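Everything numeric here is computed off the predicted structure, so don't read it as measured data. Quick note on labels: first sequence line is chain A, next is B, and so on, each numbered from 1.
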There are 4 protein chains.
Amino acid sequence: MPRTEKQFQEMRERSRQNILNSALKVFAAKGYQETSISDIAIEASISKGLLYNYFSSKEDLTRSVMEMLLIELENMTRNVESEKDPYKKLRKLIEEAFDAMETNSDYWRLYSSFILQPETAKLISPEFISSLERIFNSMEKIFSEIGVKNAKEEAKIFGAILDGIAFHVMLEGESYPRNKMKKYLIKKYSKKNL
Amino acid sequence: MPRTEKQFQEMRERSRQNILNSALKVFAAKGYQETSISDIAIEASISKGLLYNYFSSKEDLTRSVMEMLLIELENMTRNVESEKDPYKKLRKLIEEAFDAMETNSDYWRLYSSFILQPETAKLISPEFISSLERIFNSMEKIFSEIGVKNAKEEAKIFGAILDGIAFHVMLEGESYPRNKMKKYLIKKYSKKNL
Amino acid sequence: MPRTEKQFQEMRERSRQNILNSALKVFAAKGYQETSISDIAIEASISKGLLYNYFSSKEDLTRSVMEMLLIELENMTRNVESEKDPYKKLRKLIEEAFDAMETNSDYWRLYSSFILQPETAKLISPEFISSLERIFNSMEKIFSEIGVKNAKEEAKIFGAILDGIAFHVMLEGESYPRNKMKKYLIKKYSKKNL
Amino acid sequence: MPRTEKQFQEMRERSRQNILNSALKVFAAKGYQETSISDIAIEASISKGLLYNYFSSKEDLTRSVMEMLLIELENMTRNVESEKDPYKKLRKLIEEAFDAMETNSDYWRLYSSFILQPETAKLISPEFISSLERIFNSMEKIFSEIGVKNAKEEAKIFGAILDGIAFHVMLEGESYPRNKMKKYLIKKYSKKNL
DNA sequence: CATGAATGAGCATTCATTCAT
DNA sequence: AATGAATGAATGCTCATTCAT
């Protein structure tokens, strides 16, 4: 009995996801430039040829990996929406950001380096920027709800603080006082101080 | 008759600077990995072989380029020391940072990507981190002079804001409201508001 | 439909042998240092890239070529073992050595130069020395069987004569009186004269 | 007062010898292929340019170095001529050969590898072969004086033994029983045994 | 005579991509 | 769909040789 069209599509999708996850894993571990198509095929336990059946080039694969990361980033901010209290939203944002630095530092590093390298930057910018705008907008709304003046600017500063700290953490590693800064930020952006 | 020792040294120094500047230019335009030694030699209008007369490897050249950038960065913060008034110091820091984003955005991008890519990061980290620490320390002193509580944390936040904004500017380019943010930050960190 | 595992293995083995034989040929004709990977690839009618699919480096390829030669050398002495009479063994050794000088002189030259050049010597020495020892041991046994006093030293001298002549043949080429020397040696090491 | 033509010639000759000795030293230490013109110029404490004032190419320099070695080799055998007794001549030849293996092993190795590598071999063969013939002839004369039958063949065998042992010593290094073999050969080629 | 900066062809090696099966 | 052998262009680097001074 031949497989149905649907089964077939599911198989393809699973295979595609397998490749994407493998690529992300190897990219994060070795860096983008140091990762060869071969490395990814091995990690995914498939042949190089098959990989080209799913992605037309290394560039195409890279673009898709970056889209994955983008979606994850958006999910992170979406989680925050479940909170009602805007102060709690801010607190959750801070906590999520610090958590990500801790547990997914390789991905953050990959993410940032994708953005900063001309070759990979050109693969994502448009989507990324609109995604970033959505995130800033939702932050701005939070500050508005709280009643902060200049909510737009404060949202941008808030975002810059989180990204700037992430950058410093990537740079200094363990020696950066992550915990102290997290607590300090939570206090600074609490009801009492805004 | 052979050239004098001094003549040779001058030739070497000129040639070395020519190569360093060319490398910086091409690295900034294309990114580190996409730049070949050939590209740099062409930009410098010399042969590949000659480049190796001055730098023993691509890594050596890269390290030297990064040292140039580091010195420039330190100069930037040193300028600030000429001010007496701590509020003016903060203002000058902000202005210098925004100026750098504007005029040297390629170099900033290169600089950040150097730090984020495993392969290039290892070439500079130690010096960079100690340089960063000096900068943070001088920021902390400024906040102390002003009398801000938690000067250490506030200095880190101040630095994170500047680097975070630089990151967002690299990302969004012209669409980022640099001027508005600069003014807002200057006001936020003025005597009236601290 | 993909090729079967077995088909791939056969392809690989054929290709590997092709490369090894081509390498031996070019090494023998031009010498190790003067032979480029390109030369070998051209001789083997494949791309340079493919060569690296089979051998991880020029060094690796060279090592494999030397192993081939070593095996051939051992086979030569092993043939001798089939004889029962120790005098006939000596005679056969002499004959085989002179045959090798004649038919495989390039390989002998390559072999010797491999051993004498620091860079290639390090690739084979251990195996070669133990192989040489085995050969000397079996020669010593022959002389012992014959009842020669100082069998060990006489074996070493016998080996030195063969290698020394080979060296002179490489040097003088056709002008060296190989045939006369072969006959003379056979007589010298015959039952009548020992 | 300008230098006389003669003084001038002497200076050039001294300079030339300096380069030749430096080249020999570096060739012997690092191997021919691994030695660059730069290495030799540094060893000779002169500039690369000046070296080309004395030798037109690396090949030319190499040829001259090999001629030096050849002359040294001939001197070695000429020393032997001072002895009257042919048995003592043989003994002295053996002793000189073993001494050379011990004290000048690097030069021997270089010498042999020169002969065995196609590229360098072509630079010397004709002179070398006639030199070798002279040496064989003088050996033949010694055996004739002693009254050995087949003096020509025995001379060739004697020479082959010495070269063959030198080859094995280069190969096995310290583990080769040089002293035992030297003594054994001296005895074997003494009045009592010939 | 003497210097060493400069050249350029050549080398070993890598890797994204193609393709016969 | 699936394989991995095969390609070829590109890369970092070396070095004999030349030449302006």
| note | C/Leu50 atom CG is separated from E/dT18 atom C1', nearest whole Å, by 14 Å

| request: List in chain and number order the residues that pass side chain to side chain contact (heavy atoms under 4.5 Å, CB included) with B/Ser112, two or more places apart in sequence or in another chain; answer none if no residue qualifies. | output: A/Leu116, A/Phe167, B/Met170

| Qualifying residues under side chain to side chain donor-acceptor pair (under 3.5 Å), relative to C/Asn21, sequence neighbours excluded | none

| Looking at residues at least two apart in the chain, or sitting in another chain, which of them share a side chain to side chain contact (heavy atoms under 4.5 Å, CB included) with B/Glu5? | B/Gln9

| task | Both distances under 3.5 Å, Watson-Crick or G-U wobble: on that basis, could you give the dot-bracket string for DNA chain F, with [ ] for crossing pairs and | for other-strand partners? | result | .||||||||||||||||||||

| field | For C/Glu43, side chain to side chain donor-acceptor pair (under 3.5 Å) partners two or more places apart | value | C/Lys25

| request: Round to a whole Å and report the spacing from CD1 of B/Ile46 to P of F/dC19. | output: 19 Å

| Under 4.0 angstrom between C/Arg12 side-chain N/O and F/dA5 OP1 or OP2 | yes

| message | Applying a 4.0 Å non-hydrogen cut-off, can you work out what D/Phe55 is touching in the nucleic acid: base, sugar-phosphate, or nothing? | response | nothing

| In terms of ring plane angle, is the pair A/Tyr32 and A/Phe27 parallel, tilted or perpendicular, where the classes change at 30° and 60°? | tilted

| said: Heavy atoms within less than 4.0 Å of DNA chain F: which residues of residues 23-30 of chain B have one? Give them sorted by number. | reply: none

| remark: By nearest-nucleotide position on DNA chain E, the 5'-leaning member of B/Gly49 and B/Gln9 is B/Gln9

| message | Nearest whole Å is fine: how far is E/dG4 P from D/Ile42 CD1? | response | 10 Å

| said: So, using side chain to side chain contact (heavy atoms under 4.5 Å, CB included) as the criterion, who are the partners of D/Arg16 when residues are at least two apart? | reply: D/Glu13, D/Leu20, D/Tyr54, D/Phe55, D/Ser64

| task | Find the distance C/Glu5:CD to F/dT3:P and express it as a whole number of Å. | result | 11 Å

Polar-atom pairs under 3.5 Å, protein N or O versus N or O of nucleotides 10-13 of chain F: list them with distances, or write none.
residue	atom	partner	partner atom	Å
F/dG12	OP1	B/Lys58	NZ	3.0
F/dG12	OP2	B/Ile37	N	2.8
F/dC13	OP2	B/Tyr52	OH	2.6
F/dC13	OP2	B/Lys58	N	2.6
F/dC13	O5'	B/Tyr52	OH	3.2
F/dC13	N4	B/Lys48	NZ	2.7

| field | With C/Tyr111 via ring pair (Phe, Tyr, Trp, His ring centres under 6.0 Å) - residues at least two apart | value | C/Phe128

| Residues in side chain to side chain contact (heavy atoms under 4.5 Å, CB included) with B/Ser47, at least two apart? | B/Leu50

| said: If the condition is side chain to side chain donor-acceptor pair (under 3.5 Å), which residues does C/Glu72 pass it with, not counting sequence neighbours? | reply: C/Asn104

| query | How many Å lie between CZ on D/Phe8 and C1' on E/dA2, as a whole number? | reply | 13 Å

| task | Evaluate side-chain contact (heavy atoms from CB on, under 4.5 Å) for A/Glu119 paired with B/Lys30, printing each intermediate quantity in order. | result | CA-CA 7 Å; A/Glu119 190 178 15; B/Lys30 305 181 64 168; over 6 Å; no

| field | Whole-Å distance separating the CD atom of C/Glu10 from the C1' atom of F/dA5 | value | 14 Å

| Rounded interatomic separation in angstrom, taking CG from D/Leu51 and P from E/dA2 | 12 Å

| task | Taking all heavy atoms of A/Ile115 and all of A/Ala121, pick out the closest pair and write down the distance. | result | O-CB, 3.3 Å

| message | I need the OH-P distance between D/Tyr54 and F/dT18, as an integer number of Å. | response | 18 Å

| task | Only pairs at least two apart or in different chains count here, so list each salt bridge (Lys or Arg N to Asp or Glu O under 4.0 Å) that has a residue in residues 55-67 of chain B. | result | B/Glu59-B/Arg63

| Under 4.0 angstrom, heavy atoms only, what part of the nucleic acid is A/Asn53 near: base, sugar-phosphate, or nothing? | sugar-phosphate

